[in-house]
Structure formats: C-alpha cells, structure tokens
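Here is the naming used below: chain letters follow the sequence lines, and residue numbers restart at 1 for every chain. FYI, side chains are in, hydrogens and waters are out, and symmetry mates aren't considered; it's all heavy atoms of this structure. Since the model is a prediction, treat every value here as computed from it, not as a measurement.
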2 protein chains.
Amino acid sequence: METGQRDDQRTATQRRRTELLEAAERVVLRDGPEASMNAIAAEAGITKPILYRHFGDKSGLYRALAKRHTDALLATLRTALDSPGDRRDRVEATLHAYLSAIETRPQVYRFLMHPAETPSDEKGFDVGRHSVPLLRRMGEDLGEVIAERLDLGPDTREVARVWGHGIVGMMYAAGDWWLGERPLSRDLLVRHLADLLWGRLAETGDRAGSRGL
Amino acid sequence: METGQRDDQRTATQRRRTELLEAAERVVLRDGPEASMNAIAAEAGITKPILYRHFGDKSGLYRALAKRHTDALLATLRTALDSPGDRRDRVEATLHAYLSAIETRPQVYRFLMHPAETPSDEKGFDVGRHSVPLLRRMGEDLGEVIAERLDLGPDTREVARVWGHGIVGMMYAAGDWWLGERPLSRDLLVRHLADLLWGRLAETGDRAGSRGL
DNA sequence: AGACTGGTGTTACCGCAAGTAACTAGCATG
DNA sequence: CATGCTAGTTACTTGCGGTAACACCAGTCT
C-alpha cells in the first residue's frame with residue numbers, strides 16, 4: 001500500500017533525523033555551540049551533505065536541537081507554576097525550577113541562550129533585533145499564564161505580557177550572573193528575587209545620608 | 001626629548017586607533033555584528049594586519065568598540081538614576097533612558113547585546129557561561145547604587161547585587177521584546193514595569209475561577 | 001654618516017568552516 | 001525494465017580569521 005510505505009518512510013527518516021539530532025547534541029554538549037558541521041557529521045558516522053539535507057543549514061539544525069530542550073524546560077516550568085501553595089510559593093518554585101535546570105546542565109543553558117544565528121540576512125540591513133528564542137518563548141508563556149490567572153484591569157493582557165517578559169528577564173540575568181559567580185545559595189537567591197517581585201524595593205527606606213534611590 | 005616624542009607617538013597611534021574604531025563602527029552599524037575584518041579594514045582604507053596589530057584579534061576590536069558605547073550608556077543611566085523626584089520617579093526615568101537608548105540606536109543595541117566571542121576557549125571544555133558584558137556591568141553598577149542608597153539589613157550588599165542583576169534583566173528582556181513588536185507606548189511599558197517592581201504582582205487578586213498564580 | 005628602533009603599510013599565504021554539485025547504491029513501485 | 005526516492009559519498013568553492021615575511025619611513029644613538 002502506498003500510504004503505508006510512505007508512512008514507513010516518513011517514520012524512518014524521522015527516526016534518522018532524531019538520531020542525527022542526538023549525535024549533534026552529544027557534540028554540542030562536548031564542544032560547545034561552535035561545534036563544526038563536520039564534527040557533528042563524524043559523530044553521527046556520516047558526512048556533511050546529509051546533515052544539510054535534513055536540516056537545511058546549520059541554524060536549522062540548531063533550531064531543531066534547541067526546540068527539544070526549550071520544550072522540555074518550558075514544560076517543567078509550567079508544572080512548577082502549578083505547584084501547590086500560595087502565589088509566592090509558586091513563584092519561588094518556578095524560580096527554583098529554572099535555576100536548578102541551568103545549574104545542572106550549564107552547557108545546555110549556554111547553547112540555548114545563544115542568540116539566533118541571523119537566519120534571514122536579507123539585503124544586509126538589520127533591524128534592531130536580538131532575539132534569544134528561549135527567552136521570548138518563556139516570556140510569552142509566562143505572560144499568558146499571568147493573563148489567565150490575574151485580573152489586572154482593562155488592559156490585563158498588555159500588562160501581563162510586559163510582566164511575563166520582565167520577570168523572565170529578571171530570572172535570566174540574575175541566573176546568568178549567579179551561575180558564573182555563585183556568591184550565594186540558590187535558596188537565598190530565590191528568596192531575594194521573590195522579595196524584589198513582592199515590592200520590597202518600594203517598601204525599604206533610604207539609607208541615612210543618602211539622597212535616596 | 002625622549003618622553004616628549006614618546007608622548008607624540010602614543011597620541012598619534014591612539015588617534016589612529018580611534019580612527020580605526022570609528023571606521024569599524026561605521027561598518028558594524030551598516031552590516032551588523034557579523035561584519036568581516038576585511039570589510040572593516042577596507043572601510044578604514046587599509047588592510048587586515050593593521051587591525052590585528054592594533055586590536056590583537058576580532059574580539060579585541062569588538063571589545064574596544066563595545067566599551068565606548070557601554071561607558072556612554074552607563075553614564076546616561078547613572079544620571080537618570082540621580083534625577084529629581086521620589087524613588088519611583090527615578091526608577092521610571094532610568095527605564096525611560098534605557099528604552100530610549102535602545103530605541104534610537106537599535107543597531108548599537110544589537111551589537112552590544114552580542115555575547116562575548118568565547119575569548120578563552122581553553123582546552124575546549126566550556127563552563128556554563130553566557131556573559132553579555134553590557135548586562136553584567138549594568139547589573140553590577142545598579143547593585144552598587146542600590147547597596148549605597150538602601151538599607152536592606154545585614155546582607156545588604158548581597159541582596160543589592162541580586163536585585164541589580166534582576167532589575168537589569170527585567171529591563172533587558174522587556175526592552176528586547178518591546179523593541180521587536182512595539183505593542184505599546186514606551187510610557188506605558190515603563191509604568192507597567194515600575195508597577196511590577198512596586199509589588200503589584202503580590203497585591204493583585206486572583207481572577208475568578210482561576211486556581212491562582 | 002650609518003646602524004637601530006618602532007611605527008605604518010603591503011602581498012601572499014594557511015587552516016578551517018559553511019555550504020554545494022555531481023555522482024553512486026539500495027530498494028520499492030508503475 | 002525503468003522510474004523515482006532515499007541515504008550516502010567525494011571533491012569542490014567561497015569566505016573568514018589570523019599570520020609570516022617583507023618594505024617604507026620617521027627619528028635616535030653612537
């Protein structure tokens with residue numbers, strides 16, 4: 001039967017595709033994001049053109065590779081966001097989930113945070129985009145969750161998106177710094193960040209003799 | 001006199017250096033951060049090896065180029081942080097200053113946000129560092145300012161650094177998203193972010209029928 | 001004067017990476 | 001048998017970062 005064979009073919013090529021992705025992942029996690037296509041092909045036991053047939057170009061391969069981890073990370077963040085307890089508990093659980101993820105697999109983190117490799121370089125002009133896909137997706141997702149669950153008045157969706165991206169960025173920058181220097185425990189870091197989100201910045205008094213922040 | 005001539009030499013080479021930097025800047029702002037050394041050399045009317053004599057390698061050139069803009073941006077942020085008004089006014093002014101900067105010169109922004117080009121690739125292993133120098137510096141600076149001006153208890157410096165990086169990250173991610181989509185005015189964006197920092201997330205009630213955030 | 005130094009600049013090259021063209025071999029289907 | 005589809009190859013082009021070797025042109029030291 002034609003469709004049956006087609007399906008076999010498709011699943012076969014897709015299996016091959018994931019095999020190649022797994023080889024690529026091994027290399028990227030060993031050599032970093034600057035791994036060469038040759039090295040990846042060698043790891044997979046084949047040569048370059050096959051990679052190009054499957055993924056178009058290097059950014060295509062990297063996008064496919066990033067998607068898996070991004071999906072996985074987002075899933076764990078979602079479940080953390082649904083953990084039991086009050087709102088503060090949930091926020092702290094989510095921060096913990098994120099920080100734990102980047103702590104246990106820093107190479108994956110580094111790979112995912114590499115900004116997109118200028119997939120469309122049309123005509124050489126460049127808009128002012130930076131675009132780390134993982135950050136964008138996390139921000140959008142969190143924004144949606146906030147909009148679903150909180151009532152922020154008439155422009156809830158707008159505010160929620162801003163907050164989503166803002167909170168994600170807070171988590172990202174603090175996590176990146178923390179991962180590099182490790183000047184405090186994860187627990188404390190989470191607590192301080194939650195304090196920040198809980199408005200302690202506004203409540204805290206000026207230091208004596210300061211003109212105030 | 002020896003020193004006098006030495007000084008002349010030094011100023012001369014330094015002038016040349018800044019000329020080269022200006023040429024590099026023109027090219028980078030035209031072609032994006034992936035501009036080639038050849039292109040930069042051509043723009044400066046010379047050939048590659050001179051660039052390498054002045055800056056060591058490409059990342060050296062880029063670091064020199066980034067430093068100027070980073071210093072300038074940090075200076076304007078500092079003054080915004082010292083603007084008149086109460087604390088919220090100052091925070092909003094700083095957010096405005098940052099967003100205005102990335103809005104008016106998006107190519108500079110894109111260039112500055114490019115993570116460091118793996119300056120030391122020792123032995124091929126990679127720690128989990130990402131390191132966008134501008135973000136780090138902004139975070140550290142803001143942390144210092146916070147530590148100077150606020151009394152956050154016994155571990156003020158620790159909390160202040162966390163908050164510095166966190167707030168900077170919030171500003172960064174929200175700004176990056178906003179710059180790409182422009183779904184609202186800068187004024188509103190600033191207000192929503194300040195609301196977030198002022199603890200509105202904790203104050204806001206759950207939406208009816210939601211399990212709460 | 002002549003050798004030395006330190007800057008400017010060049011041409012010509014190496015190594016390596018992304019990406020492609022052209023071709024081959026298996027294997028099912030009309 | 002011919003057709004087409006896939007997985008695979010070798011060998012190439014193009015372009016980049018980076019370097020070696022050399023030339024020129026000040027002033028400086030002896």
Side-chain angles (χ1 to χ4, degrees), chain A residues 1-24 27-28 30-65 114 116-121 124, chain B residues 1-24 27-28 30-65 114 116-121 124:
Chain A
M1 218 216 241
E2 190 197 41
T3 57
Q5 287 161 338
R6 277 255 167 129
D7 285 358
D8 291 353
Q9 287 295 104
R10 288 210 66 172
T11 61
T13 69
Q14 278 191 335
R15 264 214 314 273
R16 194 80 185 97
R17 200 183 136 104
T18 68
E19 283 176 29
L20 298 184
L21 275 180
E22 275 155 19
V27 177
V28 165
R30 178 178 6 104
D31 301 349
E34 58 278 353
S36 82
M37 292 296 267
N38 256 326
I40 295 173
E43 170 73 26
I46 53 168
T47 50
K48 269 191 301 175
I50 309 180
L51 288 180
Y52 283 93
R53 275 224 264 276
H54 275 276
F55 303 103
D57 61 355
K58 187 169 190 175
S59 84
L61 201 178
Y62 276 32
R63 250 180 288 123
L65 199 51
H114 241 42
E117 325 277 337
T118 71
S120 66
D121 221 4
Chain B
M1 220 216 236
E2 190 197 40
T3 58
Q5 286 162 340
R6 280 251 166 133
D7 284 358
D8 290 353
Q9 288 297 102
R10 289 208 68 171
T11 61
T13 69
Q14 279 190 335
R15 263 214 314 272
R16 194 81 185 97
R17 201 182 136 102
T18 66
E19 283 176 29
L20 297 183
L21 276 179
E22 276 156 18
V27 177
V28 164
R30 179 178 4 106
D31 300 351
E34 58 279 352
S36 81
M37 292 296 268
N38 257 324
I40 294 174
E43 170 73 26
I46 53 169
T47 51
K48 270 193 298 177
I50 309 181
L51 288 181
Y52 283 93
R53 275 224 264 275
H54 275 274
F55 302 102
D57 61 356
K58 188 172 188 173
S59 84
L61 202 178
Y62 275 33
R63 252 181 286 121
L65 200 51
H114 241 48
E117 324 277 338
T118 73
S120 66
D121 220 6

Would you mind telling me which of dA7(D), dT20(C), dT8(C) lies closest to the side-chain atoms of Arg53(B)?
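Given the options dA7(D), dT20(C), dT8(C), the side chain of Arg53(B) is closest to dT8(C).
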Looking only at side-chain atoms of Lys58(A), point me to the closest of dT20(C), dG8(D), dA17(C).
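That would be dA17(C).
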Going from CZ on Arg17(A) to CD on Glu22(A), what distance comes out if it is rounded to the nearest 0.5 angstrom?
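Reported value, rounded in 0.5 Å steps: 12.5 Å.
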Leu20(B) side, atom CG; Ile40(B) side, atom CD1 - distance, nearest 0.5 Å:
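Answer rounded to 0.5 Å: 10.0 Å.
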Near DNA chain D, counting only heavy atoms under 4.0 Å, which residues of residues 41-50 of chain B show up?
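Under 4.0 Å from DNA chain D: Lys48(B), Pro49(B).
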Could you state the [atom1]-[atom2] distance from [X] to [N], rounded to the nearest angstrom?
X        : N       : atom1 : atom2 : answer
Tyr52(B) : dC13(C) : OH    : C1'   : 14 Å
Leu51(B) : dG18(D) : CG    : C1'   : 12 Å
Met37(B) : dA17(C) : CE    : P     : 19 Å
Glu34(B) : dG17(D) : CD    : P     : 11 Å
Phe55(A) : dG19(C) : CZ    : C1'   : 16 Å
Asp57(B) : dT19(D) : CG    : C1'   : 13 Å
Arg17(A) : dT6(D)  : CZ    : P     : 14 Å
Arg16(B) : dT8(C)  : CZ    : C1'   : 8 Å

Counting only side-chain N and O atoms of His54(B), is one of them less than 4.0 Å from OP1 or OP2 of dT8(C)?
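Looking at the OP1 and OP2 atoms of dT8(C), one of them is under 4.0 Å from a side-chain N or O of His54(B).
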Beyond-backbone contact of [X] with [Y], side-chain heavy atoms, under 4.5 angstrom:
X        : Y        : answer
Arg63(A) : Phe55(A) : no
Tyr52(A) : Met37(A) : yes
Val28(A) : Glu34(A) : no
Thr47(B) : Asn38(B) : no

So, Ser59(A) versus Asp57(A): side-chain donor-acceptor pair below 3.5 Å or not?
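Indeed, the side chains of Ser59(A) and Asp57(A) share at least one donor-acceptor pair under 3.5 Å.
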